[in-house]
Amino acid sequence: QVDESKEVESIVPSYACQRRTTLENHNTVFTDALSLLAESAELSDEDGRGVAFRRAAAVLKALHSPVTDLLQLRGLPCLGGHSLRVIKDVLENGASSEVECTKQSERFKALKVLTGIFGVGSKTAERWIREGIHSLPQLQDSAHTLNRAQQAGLEHYDDLNQPVTKAEGDAIGEIVAKAVMSVLPGVQITLIGGFRRGKLTGHDVDFLITHPEEGREVGLMPKVVSWLESKGFLLYQKTTRNSYLESKDGPARPSSNMDRFERCFSIFKLPEDAKQGTTQTETLTEDTPEDTCRLTTPSLVKDEGSESTKRANLKPWRAVRVDLVVSPISQFAFALLGWTGSKLFERELRRWAGHEKAMSLSSHALYDNTQSKYLRASSEEEIFAHLGLEYIPPSERNA
Ligand code: TTP
Ligand code: MN
Ligand code: MN
Ligand code: MN
């Protein structure tokens with residue numbers, strides 16, 4: 001019996017970064033249930049519980065066939081008593097009563113609606129709910145003054161809660177490529193986040209920007225933002241400058257998963273015809289002739305649409321969340337690995353580094369505490385090798 005459980009465990013190793021997790025999921029009925037409980041825990045600031053449910057869901061995502069019997073789960077890692085109860089409930093009754101209960105609770109519904117506003121986190125939503133605010137109309141009627149991000153979030157609520165497609169992501173990519181090429185030739189731009197993992201939709205589009213000559217990337221973001229603003233492509237943006245060099249506590253602070261790159265959280269105004277206009281998406285390089293990059297003319301972008309078309313919801317553009325990150329080339333591999341996700345995969349990489357290898361991994365660097373030195377890397381493959389892990393390509397990091 002001991003041997004048997006060992007055997008199962010060797011099929012599913014306990015860290016998500018030791019496993020290949022594709023988008024093909026044979027156990028969505030269970031992983032949806034566990035993910036919802038994870039989300040509910042995270043919205044209540046119970047991060048420990050949230051991670052436990054995420055880890056349990058990730059183990060089931062890595063299985064190659066549907067679970068039909070609890071006995072099949074023997075020896076699998078990360079399945080605690082609570083997660084097992086949920087799985088058992090789904091197996092026996094087709095649904096988990098706890099999940100159904102959570103879904104229908106006023107509190108959960110309100111937390112979802114309010115945190116669905118860009119710029120509103122669980123703490124703020126919690127505070128509003130305590131004041132009796134459970135819906136958008138109630139929020140609008142309240143005396144609360146919203147910050148700039150929240151105002152934009154509320155204004156574009158429907159657009160931002162509609163999944164972004166890969167085609168829209170590619171169209172945004174062409175605009176961003178054109179912007180960075182215009183302000184600094186030779187810049188490299190890489191699609192990161194969920195789309196790099198092969199997802200077909202996402203809640204935003206993420207890009208990593210670098211330049212092959214170290215230092216040339218400094219001060220790039222404000223110029224890119226100005227270009228985008230001048231063409232009318234931005235509905236909202238907040239740029240944070242790079243604070244890595246000034247930070248006193250070094251790059252690899254294991255407790256923090258926020259990095260210090262120059263970045264821009266934005267809301268793009270994506271013209272509807274930019275999507276259709278998207279050519280076979282080739283990566284733009286500095287020597288790509290301008291005319292191969294088919295972008296909507298600024299005049300169309302500025303067109304707000306008449307009142308009647310707006311009311312008919314026929315506005316000729318839609319709002320899309322976009323994250324831009326700038327990395328110096330020396331940190332590029334770490335930034336690429338850190339921003340490709342999934343969030344659980346990233347968390348597990350850092351846990352593996354710390355607990356199993358006495359190393360500290362961040363989106364900037366890898367520090368070996370045993371040798372007391374930084375380990376250099378110019379590719380993701382090298383970072384996995386430093387960590388003693390088999391290389392997992394982006395499409396298999398969907399834990
Ligand atoms: P997200 O865009 O939040 O997630 P995603 O792209 O995986 O999913 P979706 O398709 O719904 O957009 O984050 C992308 C990656 O960036 C994620 O692995 C975590 C990382 N990240 C950081 O490293 N630091 C940060 O401050 C944030 C916000 C994200
Ligand atoms: Mn499979
Ligand atoms: Mn994303
Ligand atoms: Mn993002």
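What you see is a predicted model, and the numbers here were worked out from it, not measured in a lab. Side chains included, hydrogens not; waters and symmetry mates left out as well; all remaining heavy atoms used. Just follow the structure's listing: the first ligand is 1, and inside any ligand the first atom is 1.
- Between the choices K343, R196, K199, the shortest heavy-atom distance to atom 8 (O) of ligand 1 belongs to K199.
- Counting heavy atoms closer than 4.0 Å to ligand 1, residue D204 contributes atoms from both its backbone and its side chain.
- Under 4.0 Å is where a charged nitrogen must lie from a carboxylate oxygen, and between E98 and R85 no such pair does.
- The pair K178-E174 does not count as a salt bridge, with every side-chain nitrogen at least 4.0 angstrom from each carboxylate oxygen.
- The pair D159-K315 meets the salt-bridge criterion, with a side-chain N (NZ, NE, NH1 or NH2) lying under 4.0 Å from an Asp/Glu carboxylate O.
- Atom numbering of ligand 1 starts at 1 in the shown order; those under 4.0 Å from a heavy atom of G193 are 6 (O).
- Close approach of ligand 1 to E346 is summarised as follows: ligand atoms under 4.0 Å from at least one heavy atom of the residue are 18 (O).
- A salt bridge does not link E356 to R351: none of the charged nitrogens lies less than 4.0 Å from a carboxylate oxygen.
- The R197 neighbourhood of ligand 1 comprises atoms 7 (O), with distances under 4.0 Å to a heavy atom of that residue.
- You'll find the side chain of F268 reaches within 4.5 Å of the side chain of V176, heavy atoms only.
- Ligand 1 places these atoms under 4.0 Å from at least one heavy atom of D206: 2 (O), 6 (O).
- Taking a 4.0 Å cut-off on heavy atoms, R321 fails to register as neighbouring ligand 1.
- Polar contact with ligand 1: present for G341 (N/O pair, distance under 3.5 Å).
- Less than 6.0 angstrom separates the ring centroid of Y236 from the ring centroid of F118.
- Only the side chain of R263 comes within 4.0 Å of ligand 1, counting heavy atoms alone; its backbone N, CA, C and O stay farther away.
- Neighbours of the Mn ion (ligand 4) restricted to protein N, O or S atoms under 2.8 Å: the count is 3.
- Ring pair H355/Y15: centre-to-centre distance not below 6.0 Å.
- Using a 4.0 Å cut-off between charged side-chain N and carboxylate O, D47 and R49 make no salt bridge.
- Residue contacts with ligand 1: G194 is placed with a nitrogen or oxygen under 3.5 Å of a nitrogen or oxygen of the ligand (distance criterion only).
- Between E42 and R54, at least one side-chain nitrogen of the basic residue sits less than 4.0 Å from a carboxylate oxygen of the acidic one, meeting the salt-bridge criterion.
- Under 4.0 angstrom from ligand 1, the non-hydrogen atoms of H203 come from both its backbone and its side chain.
- The existence of a salt bridge linking K166 and D170 is confirmed by a sub-4.0 Å separation between a basic side-chain nitrogen and an acidic carboxylate oxygen.
- Close approach of ligand 1 to G338 is summarised as follows: ligand atoms under 4.0 Å from at least one heavy atom of the residue are 18 (O), 20 (C), 23 (O).
- A salt bridge is absent between E348 and K343; no separation between the charged side-chain nitrogens and carboxylate oxygens falls under 4.0 Å.
- Ion pairing of R397 with E380 is present here, as a side-chain N (NZ or NE/NH1/NH2) and a carboxylate O approach within less than 4.0 Å.
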